[in-house]
Amino acid sequence: MKCVESLGKRDFTLEEVYAFERHLGDLYPGNQNVKPKIRQQLQYLRDRGFIDFISRGNYRLRT
């Protein structure tokens, strides 16, 4: 969620969140599957009502 919020905008893309891959890989060096984990966490945030899925690769932060 911190990565999404740090984008500073309501609408964002999966590619924009993928830009954090290296940063997240450094934070969690044991995780060899950072991109799948990013997608999983976006699904989690969607299911918990923090973000909306707009279309393939496009999301919206709920206010």
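Heavy-atom basis, side chains included; hydrogens, waters and symmetry copies ignored. Please read all numbers here as calculations on a predicted model, not as lab measurements.
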Which residues share a side chain to side chain contact (heavy atoms under 4.5 Å, CB included) with Arg56, sequence neighbours left out: none

Could you state the interatomic distance from CD (Glu21) to CD (Glu15), rounded to the nearest 0.5 Å? 10.0 Å

Using the test salt bridge (Lys or Arg N to Asp or Glu O under 4.0 Å), find all partners of Arg62 that sit at least two apart in sequence or belong to another chain. Asp52

Nearest 0.5 Å please: distance from the CG atom of Leu27 over to the CZ atom of Arg22. 13.0 Å

Closer than 3.5 angstrom, by distance alone: can the side chain of Thr13 be matched with the main-chain N or O of Glu16 as a donor-acceptor pair? yes

Rounded to the nearest 0.5 Å, how far does CG of Leu24 lie from NZ of Lys35? 12.0 Å

Please check if Ile54 and Tyr59 belong to a single hydrophobic cluster, counting links between Ile, Leu, Val, Met, Phe, Trp and Tyr side chain heavy atoms closer than 4.5 Å. no

Which residues satisfy the side chain to side chain contact (heavy atoms under 4.5 Å, CB included) test with Phe50, sequence neighbours excluded? Met1, Leu45, Arg48

CD1 of Ile51 to CD of Glu5, rounded to nearest 0.5 Å, is 11.0 Å

What residues form a salt bridge (Lys or Arg N to Asp or Glu O under 4.0 Å) with Lys2, not counting sequence neighbours? none

Can you confirm whether Tyr28 is buried at OH, in the sense that more than 12 heavy atoms of other residues, nucleotides or ligands lie under 6.0 Å from that atom? no

Within the structure provided, determine whether Thr63 and Leu61 are in side-chain contact (heavy-atom separation under 4.5 Å). no

Which heavy atom of Gly25 sits nearest to which heavy atom of Val34, and what is that distance? CA-CG2, 4.0 Å

Separation of Cys3 SG from Gln41 CD (nearest 0.5 Å): 10.5 Å

Can you name the nearest heavy-atom pair linking Ser6 to Phe20, along with the distance? OG-CZ, 3.2 Å

Residues in side-chain hydrogen bond (donor to acceptor under 3.5 Å, both in side chains) with Asp11, at least two apart? Arg60

Step-by-step side chain to side chain contact (heavy atoms under 4.5 Å, CB included) determination, Leu42 to Phe12: CA-CA 11 Å; Leu42 288 173; Phe12 61 95; 4.1 Å; yes

Suppose we screen for side-chain hydrogen bond (donor to acceptor under 3.5 Å, both in side chains). Which residues come up paired with Arg46, at least two apart in sequence or across chains? none

